[in-house]
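Letters A, B, ... are given to chains in the order of the sequence lines, protein chains preceding strands, and every chain is numbered from 1. The analysis underlying the following values was restricted to heavy atoms, covering all of them including side chains, and did not include hydrogens, waters or symmetry mates.
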2 protein chains.
Amino acid sequence: MNRLDISLIRDLPPFVGMEVVDLQNILAQATAHRHEKGTTIFSESEKANYFYLLLDGHIRVVKINQNGEQMIARYISAGESYGIAKAIGRDTYPANAVAAVDCLSLAWPTKIWDDIILQHPNFATNSYQTVGKRLFETQERMLELATAKVEQRVANVILKLANQTGKKTEEGILIDFPISRQDISEMTGTTLHTVSRLMSAWEDKGWVKSGRQKIVLVEGHKLMLVATNAAD
Amino acid sequence: MNRLDISLIRDLPPFVGMEVVDLQNILAQATAHRHEKGTTIFSESEKANYFYLLLDGHIRVVKINQNGEQMIARYISAGESYGIAKAIGRDTYPANAVAAVDCLSLAWPTKIWDDIILQHPNFATNSYQTVGKRLFETQERMLELATAKVEQRVANVILKLANQTGKKTEEGILIDFPISRQDISEMTGTTLHTVSRLMSAWEDKGWVKSGRQKIVLVEGHKLMLVATNAAD
DNA sequence: TTTGTTAGTTGCGTTTGCGCAAACTGAATC
DNA sequence: GATTCAGTTTGCGCAAACGCAACTAACAAA
């Protein structure tokens, strides 16, 4: 196994302020994993043997119901930890994780979680904060799902994605990983058809440019108006 | 101020296995609060000066959007802690808490949170587990909101409430606090009209008995079929 | 007892968004 | 270059659920 360099993690939130020795110690227990685009990294209710830190790529966190209908709970971006079942007092994963593109992660055995938490209070604090933030965001999304119209929800999701993972280009802000109409629909609780219709309409107005699994946000403020219910 | 008796909390999950001295110490720092039905205990984004343990009653956790539309995020039952902003790495409350009936709580100043966590690992574990469970449940509800029909969602909510807070009576299982059609609609992302229509239909079939802010579940298995999409 | 208030019911028309189906497009593969 | 396939677009009809409005029922306060 290769020696991993502490520069990989040194500047990430969970590790700031840690001694070099500690970082080396933590890294020594990690293994690097490559996940090909489309691969399932872990599944819901599976035994949580590892917890992960995403170094590069994008991961889709997905919940599936009995009928096979699914919803994208969130996207994980580089620098974020995931699969941290222990942080939520579980020993199984609460959802499925799928690589949205080719990904690179560090993985630690879950059995060393307690040690790490104990020895690195900063890491602990950060983990619980992450969980807290996710709970808060999920509640916000639920409120939106319950009160906002499809149009607003779709506009909102595009704005959020552009904000989080957007790359400036000549045309506008490009969402930096392949994302389909189906994906958007699974984030907003609607159908790909409805998403397609909405996006076509916005494209006609010049607010977005989009193609196959590609979305470029051109006039963010216009979508903002849609998201905040400009109808009234 | 009255001396509080450790029997109040001794048997609750966060405190099991704690020494009597520790319990007394913790209790000595708590104050008892009475919250009249309908009172707002705290509001979203308000500074989290206290965290609470509900001794008696039921609390509604509510999120409100810009248009004043609201959604009930969850109900807190006796024995549960709430307002534990620190456990999710915040210093403001993430939602509003309203007493659904007259309530009795213990309150601790948030500034002693870190001490308690440090000195009582069991309390810490339990808190994080609580947060984790709430995250999981919220995600499940979001999935349901996104994929299930109104009818199923309403059926599900009634079943859950009956399960969690149900009291056996001659007629069936009574949901043990006043709950209106409006409340149900705010838990399921629909309107009180639709809830009323559904409940009337179920009442006609004899599956539930309901009145003013009262719901009795008569034939749970029938509602179960509705909840799990018996349509197909 | 009367009056006011809050909760619940129900009919009717409307709208949003779904479901189905068919066609189209661009990228990858052979 | 032909073929295949996944992703996308779009038309059309329909149903679920909403919104409005009017009315009724239960409870509380005067």
Side-chain angles (χ1 to χ4, degrees), chain A residues 36-38 60 67-69 71-72 98 100-101 144-155 157-158 175 177-205 208-216 226 229-232, chain B residues 36-38 60 67-69 71-72 98 100-101 144-155 157-158 175 177-205 208-216 226 229-232:
Chain A
E36 209 180 328
K37 176 178 171 177
R60 242 198 320 272
N67 296 325
E69 299 158 300
M71 138 143 279
I72 298 177
V98 180
V101 293
E144 199 188 27
L145 215 47
T147 61
K149 292 214 172 74
V150 167
E151 190 186 33
Q152 300 170 47
R153 304 203 304 261
V154 172
V157 145
I158 292 174
I175 294 175
F177 55 88
I179 187 158
S180 67
R181 304 291 183 262
Q182 174 79 31
D183 292 334
I184 301 277
S185 77
E186 287 177 4
M187 299 181 78
T188 51
T190 179
T191 60
L192 76 157
H193 308 281
T194 300
V195 173
S196 178
R197 284 183 250 264
L198 286 170
M199 303 256 311
S200 297
W202 295 337
E203 182 130 30
D204 288 347
K205 296 183 187 168
V208 299
K209 271 194 199 309
S210 72
R212 209 186 166 73
Q213 305 204 77
K214 195 193 81 169
I215 300 175
V216 180
V226 176
N229 195 12
D232 358 17
Chain B
E36 209 180 328
K37 176 179 171 176
R60 240 199 320 273
N67 296 325
E69 298 157 301
M71 138 143 278
I72 299 178
V98 180
V101 293
E144 197 187 29
L145 215 46
T147 62
K149 292 213 170 70
V150 168
E151 191 187 32
Q152 300 170 47
R153 305 203 302 261
V154 172
V157 145
I158 293 175
I175 293 174
F177 55 88
I179 186 156
S180 68
R181 305 289 183 262
Q182 174 79 30
D183 292 333
I184 300 276
S185 76
E186 287 176 5
M187 299 182 78
T188 50
T190 180
T191 61
L192 75 157
H193 307 283
T194 300
V195 172
S196 178
R197 284 183 251 265
L198 286 169
M199 303 256 310
S200 297
W202 294 336
E203 183 130 30
D204 287 348
K205 296 184 188 169
V208 298
K209 273 195 197 307
S210 72
R212 208 185 166 76
Q213 306 205 78
K214 194 193 82 166
I215 300 175
V216 180
V226 175
N229 193 13
D232 0 15

Rounding to a whole Å, what distance do you find between [X]:[atom1] and [N]:[atom2]?
| X | N | atom1 | atom2 | value |
| --- | --- | --- | --- | --- |
| H193(B) | dC23(D) | NE2 | P | 16 Å |
| Q152(B) | dA16(D) | CD | C1' | 12 Å |
| K214(B) | dA25(D) | NZ | P | 17 Å |
| L192(B) | dC20(D) | CG | P | 12 Å |
| E151(B) | dA17(D) | CD | P | 7 Å |
| Q213(B) | dC27(D) | CD | P | 10 Å |

Item to check | Donor on one side chain, acceptor on other, R181(A) and S210(A), under 3.5 Å | outcome: yes
Is any side-chain heavy atom of [X] less than 4.5 Å from a side-chain heavy atom of [Y]?
| X | Y | answer |
| --- | --- | --- |
| V208(A) | V216(A) | no |
| P178(B) | V101(B) | yes |
| D183(B) | I72(B) | yes |
| Q182(B) | T191(B) | no |

Checklist entry - dT9(D) phosphate, OP1 or OP2: any side-chain N/O from S196(A) under 4.0 angstrom? => result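 The answer is yes; a side-chain N or O of S196(A) sits under 4.0 Å from OP1 or OP2.
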Checklist entry - Distance check: side-chain N/O of T194(B) vs OP1/OP2 of dA17(D), anything under 4.0 Å? => result no
Next on the checklist: From the set dA17(D), dT9(D), dC18(D), return the single nucleotide nearest to any side-chain atom of R181(A).
Outcome noted: dT9(D)
Checklist entry - Could you walk me through whether V150(A) and V195(A) pass the side-chain contact (heavy atoms from CB on, under 4.5 Å) check? => result CA-CA 9 Å; V150(A) 167; V195(A) 173; over 6 Å; no
Checklist entry - Checking only heavy atoms, does the side chain of R197(B) share a donor-acceptor pair with the base of dA17(D) at less than 3.5 Å? => result no
Next on the checklist: To the nearest 0.5 Å, what is the distance between CE on M187(B) and CZ on R153(B)?
Outcome noted: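 So the gap between those two atoms works out to 12.5 Å.
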Checklist entry - Taking 5' to 3' order, which nucleotide of DNA chain C is first and which is last to have an atom within less than 4.0 Å of a heavy atom in chain A? => result dG17(C) to dG26(C)
Checklist entry - Would R212(B) and S180(B) satisfy side chain to side chain donor-acceptor pair (under 3.5 Å), going step by step from the backbone distance to the final call? => result CA-CA 7 Å; R212(B) 208 185 166 76; S180(B) 68; over 6 Å; no
Next on the checklist: To the nearest 10°, give me the bend of the helix from dT1(C)-dA30(D) to dC30(C)-dG1(D), comparing the axes of its five terminal pairs at either end.
Outcome noted: 40°
Item to check | Closest approach of V226(B) to E151(B) (non-hydrogen atoms, all atoms of both residues) | outcome: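 Of all heavy-atom pairs spanning V226(B) and E151(B), the closest is CG1-CG, 3.6 Å.
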